[in-house]
Amino acid sequence: MKQIVVFASGSGSNAENIISYFKKGDLASVMAVFSNNAEAQVLHRAKKHGVPAVVFSKEELQTEKVLQKVNEFKPDLIVLAGFLLKFPDNIINAYPNQIINIHPALLPKYGGKGMYGMNVHRAVLENGEKETGISIHHVNSDYDEGKLIAQYKVSIEHCADSECIAQKIHEIEQEHFPKVIENLLTNAKQ
């Protein structure tokens, strides 16, 4: 069975969706949830599913400590699901092409430092976009610049506010993110 480690900083709805999705089959399992936020809702979601949680500080992320903890779980894939810190080079180098992220816009638009969550949705709305979507991509040392894996679009022509956009993005994240992970793990070299 393939091993997944999830990094998240907030509510963890994508993390929980991934945990639940893979509990239904025998391809993979979420082995741990890592978070830089001791108050994050994702920690409660992980506990509810019996998934171990690892909490660390922003400073610890830049040391070998978090990498050593990740190594204990021997992940086939590291999934960033609402993880807000810049991912460190030591983990990226230890797991080349094995770290993916989901971004709530159609990259390369609306990516980069500070572009996450409602910041993205407000920018999309302010620019009068007719559609937006999600981008799932490999992680490299630059924010949101790793190789694209998949993108899914959604019309936002009838959205009058950023909350409407956020809801539409959430729906396509829930639908597509676990399937893209499944596809990556199925097609990974054995």
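These numbers come from a predicted model, not from an experiment.
- For Phe83 and Phe34, the gap between ring centers reaches or exceeds 6.0 Å.
- Note that CG of Asn14 and CD1 of Ile134 are 8.0 Å apart. Values are rounded to the nearest 0.5 Å.
- Put simply, the side chain of Thr132 never gets that close to the backbone of Ala105: no donor and acceptor are under 3.5 Å apart.
- The pair Lys65-Glu60 meets the salt-bridge criterion, with a side-chain N (NZ, NE, NH1 or NH2) lying under 4.0 Å from an Asp/Glu carboxylate O.
- Using modelled atom types, no side-chain atom of Asn36 and backbone atom of Ser57 make a donor-acceptor pair closer than 3.5 Å.
- Between the side chain of Asn17 and the backbone N or O of Ser13, no donor-acceptor pair lies under 3.5 Å.
- Shortest non-hydrogen contact noted between Leu61 and Asn90 is O-OD1, 4.4 Å.
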- Which is it for Tyr152 and Glu175 under the side-chain hydrogen bond (donor to acceptor under 3.5 Å, both in side chains) test, yes or no, and what are the steps along the way? CA-CA 10 Å; Tyr152 298 93; Glu175 178 184 352; over 6 Å; no

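- A donor and an acceptor atom, one from each side chain of Tyr110 and Asp144, are nowhere located under 3.5 Å apart.
- Proximity of a side-chain donor or acceptor of Asn37 to a complementary backbone N or O of Ser9 within less than 3.5 Å is detected.
- In this structure, the side chains of Lys48 and Glu16 come closer than 4.5 Å at one or more pairs of heavy atoms.
- At a threshold of 4.5 Å between non-hydrogen side-chain atoms, the residues Val33 and Pro52 do not count as touching.
- Residues Leu106 and Leu125 fall into different hydrophobic clusters, defined by Ile, Leu, Val, Met, Phe, Trp and Tyr side chains chained together at heavy-atom separations under 4.5 Å.
- Separation of atoms NE2 (His176) and CD (Gln151) is listed at 12.0 Å; rounding is to 0.5 Å.
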- Report the C-alpha separation of Tyr116 and His103 in whole Å, then their side-chain angles, then the decisive distance to 0.1 Å, and conclude whether the side chain to side chain contact (heavy atoms under 4.5 Å, CB included) test is met. CA-CA 7 Å; Tyr116 58 87; His103 185 76; 5.8 Å; no

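- Side-chain atoms of Gln98 come within 3.5 Å of backbone N or O of Asp76 as a donor-acceptor pair.
- A 4.5 Å side-chain heavy-atom check between Val66 and Phe7 finds at least one atom pair inside the cut-off.
- Val180 approaches Ala150 most closely through the heavy-atom pair CG2-CB, 4.1 Å.
- Hydrophobic clustering of Ile, Leu, Val, Met, Phe, Trp and Tyr side chains at less than 4.5 Å, counting indirect connections, keeps Met1 apart from Leu184.
- Contact check for Val79 versus Ile181: side-chain heavy atoms found under the 4.5 Å cut-off.
- Annotation: Lys153, atom NZ; neighbour count of heavy atoms from other residues, nucleotides and ligands within 6.0 Å does not exceed 12.
- The hydrophobic clustering, which links ILVMFWY residues whose side-chain heavy atoms are closer than 4.5 Å, places Ile92 and Val5 together.
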Determine all donor-acceptor pairs shorter than 3.5 Å in which one atom belongs to a side chain in residues 21-32; sequence neighbours excluded.
residue	atom	partner	partner atom	Å
Tyr21	OH	Glu182	OE1	2.7
Lys23	NZ	His49	O	3.2
Lys23	NZ	His49	ND1	3.2

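- Here the closest non-hydrogen pair linking Pro178 and Glu173 is CD-O, 3.8 Å.
- Side-chain atoms of Asn119 come within 3.5 Å of backbone atoms of Gly114 as a donor-acceptor pair (strictly under, hydrogens ignored).
- A donor-acceptor contact shorter than 3.5 Å is absent between the side chain of Asn101 and the backbone of His137.
- Atom-to-atom distance recorded for Lys179:NZ and Ile136:CD1 is 11.0 Å, nearest 0.5 angstrom.
- The OG atom of Ser20 sits 9.0 Å away from atom CD of Gln174, with the distance rounded to the nearest 0.5 Å.
- Grouping the Ile, Leu, Val, Met, Phe, Trp and Tyr side chains by contacts below 4.5 angstrom, directly or via other members, places Val51 with Leu43.
- For Lys47 (side chain) and Val42 (main-chain N/O), no donor-acceptor pair under 3.5 Å exists by modelled atom type.
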- Item | Test side chain to side chain contact (heavy atoms under 4.5 Å, CB included) applied to Leu185 and Leu77, step by step | CA-CA 8 Å; Leu185 290 172; Leu77 192 65; 3.9 Å; yes

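- With rounding to the nearest 0.5 Å, the separation of SG in Cys164 from CD1 in Ile156 is 8.0 Å.
- Taking all atoms of both residues into account, the shortest heavy-atom contact from Arg45 to Gly12 is CD-O, 3.3 Å.
- Lys86 has its side chain within reach of Ser141: a pair of non-hydrogen atoms, C-beta onward, lies under 4.5 Å apart.
- Looking at every heavy atom in both residues, Ala40 comes nearest to Ser35 through CB-OG, 3.8 Å.
- In the hydrophobic clustering of ILVMFWY residues, with side-chain heavy atoms under 4.5 Å counting as a link, Leu84 and Phe87 come out apart.
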- Query: Can you list the steps and then say if Asn71 with Tyr95 is a side-chain hydrogen bond (donor to acceptor under 3.5 Å, both in side chains)?
  - Reply: CA-CA 10 Å; Asn71 288 340; Tyr95 293 91; 2.6 Å; yes

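- Under the 4.0 Å criterion applied to side-chain N and carboxylate O atoms, Lys168 and Glu171 are not assigned as salt-bridge partners.
- At distances below 3.5 Å, at least one donor-acceptor pair connects side-chain atoms of Ser135 with backbone N or O atoms of Leu107.
- The backbone N or O of Asp142 lies less than 3.5 Å from a partner atom in the side chain of Asn140, making a donor-acceptor pair.
- Residues Ala81 and Val6 come closest through the heavy atom pair CB-CG1, 4.1 Å.
- Note that OH of Tyr143 and CE of Met115 are 13.0 Å apart. Values are rounded to the nearest 0.5 Å.
- A heavy-atom distance below 4.5 Å is not found between the side chains of Ile78 and Ile100.
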